[in-house]
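Labels below follow one simple rule: chain letters A, B, ... track the order of the sequence lines, proteins then strands, and each chain is numbered from 1.
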Amino acid sequence: MTLLTVGSDCAIARALDDVAPIGQLEAATSAILAQRPDQIAIVAVPAPAGPIGAMTTDEFAKLTETTVTLAISAAKAAAQLEQPVRIAIVCPADAVHPDHLDGARSVIGAGLTMLVEVAAALPTITINAIAVADDVPAEEVAAMTRFVLSGHAPSLNGTTIRLDGGRDAVLAAETRVEGD
Amino acid sequence: MTRRALVTGGNSGIGAAICRRLAADGWTVAVAGRSRERAEAIAQELDGIAVVGDAADAAHDPVADAVRELGGLECVILNAGVIADADLAHTTDDDWHRLLEVNVLAVHRHARAAHAALAATGGSLLMTSSDAGVWGETSIAGYSITKRMVLALMRCLAAEWGPDGIRVNAICPGDTAPGMVTTTSGRREPGTTDGWLPPPLGATVRAQDVAGAAAFLASEDATRITGVGLLIDAGMRASSTGWQTAPEVRR
């Protein structure tokens, strides 16, 4: 079993693998084609960037390039291998329920959730996303990622798992407090 | 006072139908599109103005052009979009970057450009997403990804700009005629709806149906509606086997 980690150079990536992740598009594609991994972890958790209406389009484009476009390139490269490959994409929790205070990450996260949905039908690919809250320990995220990549749940495909301690199960904790 | 709207991608398909519906409802419309000939023809027909340019061109600012010509805007409809017929494995890098630029980045750029004008009038912003953004389609993978991103962008801006008095919503058309499927050059479809899966309501969505939904969301009847992605798909996304319930299939 060969695991290759691409994407953000962050604590989650380091908890998965002590090798620095490959964050550049062409380098990631080349590494996948050369190493022929059967497990790929794509860590696409950029730092919080604030409201998207306040961000320039150039800044937003750069963020998209290092997350959604990188993940698409990695998934396409994996599909070229013509061998079974399991992929896990780690993305921000805001991917499932957008947070306008962290809008840019919400939008790229949404793109990543759709990526796993449309890629799940590719014949040799099993792909899922893990949407993580910022306060979840990197080791826990790594453990979930290893489980998703393990093949212990082979029917798990094309879905997004929230790893947020239940934060987004309801609208907001403040709502419950006010209602009490 | 006459209300003023800008519609990008307004010179064909759903965009043209929206322009015509808004004009019929009394709006003055700025018709934006790449084709000068078509944009000017529709603008002339509707007694509006034409704004010519490519949404993918970062230097193209249809909002500024429309504000300069009309003096302000009560509604901006970011409808321009492109599609690529390919699953993810066959989506080329060029296709993806074109999809991202037109369907997402241009929407972000033009939305930001519209903020001041819409805040000044208490206006609304409407984005064209797709039913494929709600429930994706393998055969149009890149397109589905961009349209999901549009929905998230819409919701974030609705919350962010609500305090400024700006409403932000999206329409999510299903297979529509005439729409992107039947007017986009280079697609497999021969310009007809032959072979389309029938939706539960039986009849394919018409561009005027989508235009009606857009006009409603732009209107004062929708004053308290923001952050909504409205499906106009004749029920196709109501069920994973929705097409099997269509009347002609039952027969």
Which atom of C172(B) lies closest to which atom of S129(B), heavy atoms considered: SG-CB, 4.0 Å

If we define contacts as heavy-atom pairs under 4.5 Å, which of D87(B), L88(B), T146(B) has the most with chain A? L88(B)

Identify the heavy atoms of D94(A) and R167(A) that sit nearest to each other, and give their distance. OD1-NH2, 3.3 Å

State whether the number of non-hydrogen atoms from other residues, nucleotides or ligands found under 6.0 Å of E59(A) atom CD is greater than 12. yes

Max heavy-atom pair count under 4.5 Å with chain B, selected residue of A119(A), A79(A), G111(A): G111(A)

If I take atom CH2 from residue W135(B) and atom OG from residue S240(B), how far apart are they, to the nearest 0.5 angstrom? 4.5 Å

Which heavy-atom pair separates A78(A) from I32(A) by the least distance, and what is that distance? N-CG2, 3.9 Å

So, D93(B) and K76(A), do they make that salt bridge, N to O below 4.0 Å? yes

Before accepting this row, confirm whether a basic side-chain N of the pair R98(B)/D95(B) lies closer than 4.0 Å to the acidic partner's carboxylate O. no

Contact listing (chain B partner; residues 122-155 of chain A; heavy atom under 4.5 Å): L122(A)

Cut-off 4.5 Å, heavy atoms of chain B, and the answer for D99(A) is backbone

Salt bridge between R237(B) and E137(B), side-chain N to carboxylate O under 4.0 Å? yes

Test side chain to side chain contact (heavy atoms under 4.5 Å, CB included), reference Q39(A), set V85(A), L16(A), L3(A), output is L3(A)

With a 4.5 angstrom heavy-atom cut-off, is it the side chain or the backbone of A110(A) that approaches chain B, or both, or neither? both

Counting heavy-atom pairs under 4.5 angstrom with chain B, the leader among G53(A), A95(A), A121(A), P51(A) is G53(A)

Residues R36(A) and T2(A): side-chain donor-acceptor under 3.5 angstrom: no

Here the pair of heavy atoms bringing C75(B) nearest to I77(B) is SG-CG1, 3.7 Å

Indicate the atoms forming the closest heavy-atom contact of N11(B) with G33(B), along with that distance. ND2-CA, 3.4 Å

Most chain A-contacting option - heavy-atom pairs closer than 4.5 Å, from A58(B), G136(B), S144(B): S144(B)

Close contacts, residues 99-112 of chain B versus chain A, judged by heavy atoms under 4.5 Å: L100(B), V104(B), L105(B), H108(B), R109(B), R112(B)

With a 4.5 angstrom heavy-atom cut-off, could you sort out which part of T113(A) is near chain B: side chain, backbone, both or neither? both

Check whether E65(A) gets within reach of chain B through its side chain, its backbone, both or neither, counting any heavy atom under 4.5 Å. side chain

So does R34(B) have more than 12 non-hydrogen atoms from other groups sitting under 6.0 Å from CZ? no

Who wins among T69(A), I108(A), V68(A) for the most heavy-atom pairs under 4.5 Å with chain B? T69(A)

Measure W161(B) against the heavy atoms of chain A and call it side chain, backbone, both or neither at under 4.5 Å. side chain

Pick whichever of L112(A), T64(A), L101(A) has the most heavy-atom pairs under 4.5 Å with chain B. T64(A)

E82(A), CD atom: more than 12 neighbouring heavy atoms under 6.0 Å: no

Interchain contact, H97(B) with chain A, by part (heavy-atom threshold 4.5 Å): side chain

Report yes if the side chains of I225(B) and T223(B) come closer than 4.5 Å at any heavy-atom pair, otherwise no. no

